[in-house]
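Let me begin by presenting the structure, written as structure tokens, before commenting on it.
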Amino acid sequence: MALSATFITPSPSSSNLYAKIRKPFLSHSVYLLKPLKIRASATLNYSNVNNKSSPLKTSNWQWKLKDNLVNIYYEEHVKESREPSQNILMMPTISDVSTVEEWRLVAQDIAQRNGSVNYRATIVDWPGLGYSDRPKIDYNADVLEKFLVDFVNSPDGPVKQSDNDLVIFGGGHAASIVIRAAKKGLVKPKAIAAVAPTWSGPLPIVFGRDSSMETRYGFLRGTLKAPAVGWMMYNMLVSNENAIQSQYKSHVYANPDNVTPAIVESRYALTKRKGARYLPAAFLTGLLDPVTSREEFLQLFADLEGKIPVFVVSSKGSPKRSKAEMEALKGAKGVTKFVEVPGALLPQEEYPAVVAEELYQFLQQYFGSVA
């Protein structure tokens, strides 16, 4: 196939790279249509949960990046109350099919709780992903960090931060980007929760980062962004239902039975949005990695020791390499609390009730007592 010939070189390592990237990449999204699994929440105490669903507000916010005005999609969940609310910002796991939907059930759960503190949860799609605009820009970790900082600190932004009252939850790479921004003092949350945190893109975590591989990543990245052949390659590798189903069943979800046709169809629709391939091209090849080694990863957390409470939620069924990075945080400097929950790379979507309970207990430990 001519498409294959555009990025295969004769060397064995290149052939291995091609064989690997034919397999599905990390993706995540939401289980919006799936009913809550009783078995996933059997240990939860629902006496603290309001029976009403939290009101949902959806809107767009304009982010200015150089000469680009990017429409950013976000939604808010809050229980109707006269009392002030503690702000929570939830950042989706970064992947080729990232979306606010992965956090929606967790946001609804926490916002509905009846406790001494009311919670207002805002979920936002990253630029280039989900339902936000996807301009053709040079995406990297610095660009996403700048977006996070601007979104949190903008005086006209959706997150009404005052007196450092914001708590941030992040999944996967999003967690590491939040930690890095906090380390630099660019955002000043009261607390951070890192759910199934990762730092290395799908190809670098397997093939490494030596100069020869970086050259191949650059070539693949350029090909994916090209006008015609880029769409062809993207459709072959990412934007097809078989690939999405395979990746969810193999490593995104822990239980393949939890992957339904509705999930696959929903994620597939995201890959057909205008500009859908630009950010994934950067993610797959490591440009969105906030650090380049485990030592740097651990140092991000260590630098927050005594400054900000950091809660790490690891997952029992994560892929071996990702799991090793999560396990390295157990007992690490700067990690205030560490727990393990069911799931793989998207526990907040696959087991939302379990994750919501762990996050709620963390919030109550630091910001209020359970009613």
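Quick note: residue numbers are just sequence positions, from 1.
- Between Lys57 and Glu75, no side-chain nitrogen of the basic residue sits less than 4.0 Å from a carboxylate oxygen of the acidic one, so the salt-bridge criterion is not met.
- Under a cut-off of 6.0 angstrom, the local environment of NZ in Lys272 is crowded, with over 12 non-hydrogen atoms contributed by other residues, nucleotides or ligands.
- In summary, the aromatic rings of Phe151 and Trp63 are positioned with their centroids too far apart to meet the 6.0 Å limit.
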Using the ring pair (Phe, Tyr, Trp, His ring centres under 6.0 Å) rule, take Tyr119 and His77 through it: C-alpha gap first, then chi angles, then the decisive distance, then the call.
CA-CA 8 Å; Tyr119 293 100; His77 300 262; over 10 Å; no
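- With a 6.0 Å radius and a threshold of 12 heavy atoms from other residues, nucleotides or ligands, Lys330 has its NZ atom at or below the threshold.
- When each of Val70, Asp156, Asn71 is tested with Trp61 by the rule side chain to side chain contact (heavy atoms under 4.5 Å, CB included), just one qualifies, namely Asp156.
- Not a single donor-acceptor pair under 3.5 Å links the side chain of Thr271 to the backbone N or O of Ser239.
- Taking 4.0 Å as the cut-off between side-chain N and carboxylate O, Lys225 and Asp138 count as a salt-bridged pair.
- A cation-pi contact, defined as under 6.0 Å to the ring centre and within 45° of the axis, links Arg113 to Tyr360.
- Residues passing the salt bridge (charged side-chain N to carboxylate O under 4.0 Å, His left out) test with Glu145 are Arg180, Lys184, sequence neighbours excluded.
- Using a 4.0 Å cut-off between charged side-chain N and carboxylate O, Lys323 and Glu327 make a salt bridge.
- The backbone N or O of Val100 lies less than 3.5 Å from a partner atom in the side chain of Asp125, making a donor-acceptor pair.
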